[in-house]
Amino acid sequence: MKRYALITGASRGIGRAIAIELAKDGCSILLNYKSNHAAAQEAKCLIEEAGGEAELMPFDVSQPDAINAALDAWFAAHPDDYIDVLVNNAGIVDNELMLWMEPKQWHSIIDINLNGFFYCTRRVIEGMFEKRHGRIVNISSIAGQKGIPGQTGYATAKSALIGATRSLSTEVASRNITVNAIAPGLIETAIINKAKISDIEKKFFDDIPMHRLGKPEEVAYLVSFLCSDRANYISGQVIGINGGAL
């Protein structure tokens, strides 16, 4: 039986690196993205060039109806299969001091970074329960562990994801389902490269003991481990990848 892995926000950056690494591990990848079809198709080609399998699964993680429609279609086409690995990676960064943050910004951050976890996990976990096996990895952030000016909304979502990880892990442990979170620091992605670097953020960068950005592949290696049999007894944990910044 094929082992299927759904990675949300997998067309670029950390999500793409995770998709490629899990494909190397033998997983058949369900590559989710919202709208950047060209980037998703490129990621799919990279996976296939490496000898893996990938299927594009476009939907907005903040829209439960879209999620259900996409997954209903997939389950109908795969009646004997289930999704054994779920990586909740999709997220956005919209830095703004709370003093000037608009409600629309707040709700968008929460909907994508936190509610997307709920919608996707609720839909996929039923199959894991039935098969009595599963791996869930939630991509949180160092922002959910320490205060960073301008990221109150983002930190709220990412710290809530940590709490959800710990609680959910206790609910599903008896079914041989593990739930863990990874909290990356500054990782070299398009989001970071395009972000406005304030003096405060520059100081945060300078405070990284390793004096460099992390690489998406370094996050992917940990996801690969947590989804393997070598991590059978690891659940409810939050693991930082931040160059010693926390």
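Keep in mind that the numbers below use all heavy atoms, side chains included, and drop hydrogens, waters and symmetry copies. Numbers here simply count residues along the sequence, with the first being 1.
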Practice task
State the CD-CZ distance between Glu42 and Arg12, to the nearest 0.5 angstrom.
Solution key: 10.5 Å

Problem - Donor-acceptor contact below 3.5 Å, side chain Ser167 vs main chain Ala164 - result: no

Exercise for the section: Would you indicate whether the side-chain heavy atoms of Gln145 and Ile162 approach each other to under 4.5 Å? Expected result: yes

Problem - Donor + acceptor pair across side chains of Asn95, Gln151 (<3.5 Å) - result: yes

Problem - Set of residues satisfying ring pair (Phe, Tyr, Trp, His ring centres under 6.0 Å) with respect to Tyr119, sequence neighbours excluded - result: none

Exercise for the section: Tell me, with the steps shown, if Lys24 and Ile20 meet side chain to side chain contact (heavy atoms under 4.5 Å, CB included). Expected result: CA-CA 6 Å; Lys24 291 178 181 177; Ile20 292 172; 3.9 Å; yes

Practice task
Keeping the roles fixed (side chain from Asp25, backbone from Cys27), state whether a donor-acceptor pair exists under 3.5 Å.
Solution key: no

Exercise for the section: In plain terms, say whether Lys2 and Glu53 are close enough for a salt bridge, that is, a side-chain N and a carboxylate O under 4.0 Å apart. Expected result: yes

Practice task
Compare all side-chain heavy atoms of Ile208 with those of Asn242 and state whether any distance is below 4.5 angstrom.
Solution key: no

Handout entry: Donor-acceptor under 3.5 Å (Gln105 side chain, Glu102 main chain)
Key = yes

Fill in the blank from the handout: Residues Ala157 and Ile109: closest non-hydrogen pair is CB-O, 4.3 Å

Practice task
Verify the cluster assignment for Ile182 and Tyr221: are they in a single hydrophobic cluster under the rule of side-chain heavy atoms below 4.5 Å apart?
Solution key: no

Practice task
Determine, stepwise, if the pair Gln237 / Asn180 fulfils side chain to side chain donor-acceptor pair (under 3.5 Å).
Solution key: CA-CA 5 Å; Gln237 303 306 302; Asn180 292 290; 5.4 Å; no

Exercise for the section: Measure the CD-CG distance between Gln41 and Leu31 for me, rounded to the nearest 0.5 Å. Expected result: 9.5 Å

Problem - Stepwise side chain to side chain contact (heavy atoms under 4.5 Å, CB included) check, Leu71 with Ile83 - result: CA-CA 10 Å; Leu71 290 175; Ile83 297 170; 4.0 Å; yes

Problem - Leu114 side, atom CG; Thr156 side, atom OG1 - distance, nearest 0.5 Å - result: 9.5 Å

Practice task
Measure the shortest side-chain to side-chain distance between Asp94 and Ser108 over non-hydrogen atoms and say whether it is less than 4.5 angstrom.
Solution key: no

Problem - Results of side chain to side chain donor-acceptor pair (under 3.5 Å) for Asn232 - residues two or more places apart only - result: Arg135

Fill in the blank from the handout: Ala43 and Ser11 have their tightest heavy-atom pair at CB-O, 4.0 Å

Practice task
Could you please spell out the steps behind the ring-ring contact (aromatic ring centres under 6.0 Å, His included) verdict for His78 and Tyr4?
Solution key: CA-CA 11 Å; His78 300 79; Tyr4 289 93; 5.5 Å; yes

Handout entry: Met1 CE to Asp84 CG distance, which is reported to the nearest 0.5 Å
Key = 10.0 Å

Problem - Separation between CD of Glu130 and OH of Tyr82, rounded to the nearest 0.5 Å - result: 10.0 Å

Practice task
Measure the shortest side-chain to side-chain distance between Arg16 and Leu46 over non-hydrogen atoms and say whether it is less than 4.5 angstrom.
Solution key: yes

Handout entry: Minimum heavy-atom distance Phe59-Ala66, with the two atoms named
Key = CB-O, 4.0 Å

Practice task
Using a cut-off of 6.0 Å, state whether more than 12 heavy atoms not belonging to Glu48 lie near its atom CD.
Solution key: yes

Practice task
Could you tell me the separation between the OG1 atom of Thr152 and the CH2 atom of Trp106, rounded to the nearest 0.5 Å?
Solution key: 7.0 Å

Exercise for the section: Give a yes or no on whether a salt bridge exists between Arg212 and Glu218, defined as a side-chain N under 4.0 angstrom from a carboxylate O. Expected result: yes

Problem - Any side-chain donor near an acceptor of the partner, Thr8 and Asn89, under 3.5 Å - result: no

Practice task
Flag yes if Val124 and Trp74 sit in one hydrophobic cluster, no otherwise; membership is Ile, Leu, Val, Met, Phe, Trp, Tyr, and two members link when side-chain heavy atoms are under 4.5 Å apart.
Solution key: yes

Problem - Distance-minimising heavy-atom pair for Pro209 and Gly244 - result: CG-O, 3.2 Å

Exercise for the section: Show your reasoning for whether side chain to side chain contact (heavy atoms under 4.5 Å, CB included) applies to Leu56 and Leu30. Expected result: CA-CA 6 Å; Leu56 299 185; Leu30 306 180; over 6 Å; no

Exercise for the section: Side-chain contact test, heavy atoms from C-beta onward, threshold under 4.5 Å: evaluate it for Phe75 versus Arg123 and give yes or no. Expected result: yes

Practice task
Over all heavy atoms of both residues, which pair between Cys227 and Leu22 is shortest? Give the atoms and the distance, please.
Solution key: CB-CD2, 4.3 Å

Problem - Same apolar cluster (I L V M F W Y, side chains within < 4.5 Å links), Val238/Leu246 - result: no

Exercise for the section: Ignoring hydrogens and angles, state whether a donor on the side chain of Asn115 or Asp111 is under 3.5 Å from an acceptor on the partner side chain. Expected result: yes

Handout entry: CA sep, side-chain torsions, deciding dist, call: Asn113, Leu161, side chain to side chain contact (heavy atoms under 4.5 Å, CB included)
Key = CA-CA 8 Å; Asn113 291 292; Leu161 195 56; over 6 Å; no

Problem - Any side-chain heavy-atom pair of Arg166 and Val179 under 4.5 Å - result: no

Practice task
Could you verify whether a donor N or O on one side chain and an acceptor N or O on the other, from Thr121 and Asn88, lie under 3.5 Å apart?
Solution key: yes

Exercise for the section: State plainly whether one hydrophobic cluster holds both Ile187 and Ile239, where clusters connect Ile, Leu, Val, Met, Phe, Trp and Tyr through side-chain heavy atoms under 4.5 angstrom apart. Expected result: yes

Exercise for the section: Please report the shortest heavy-atom distance between Thr178 and Ala231, naming the atom on each side. Expected result: CG2-O, 4.3 Å

Practice task
Find out whether Glu217 and Glu21 are in side-chain contact, i.e. whether some heavy atom of one side chain is under 4.5 Å from a heavy atom of the other.
Solution key: no

Practice task
Please tell me if the side chains of Ile139 and Pro184 come closer than 4.5 Å, counting only heavy atoms from C-beta onward.
Solution key: yes

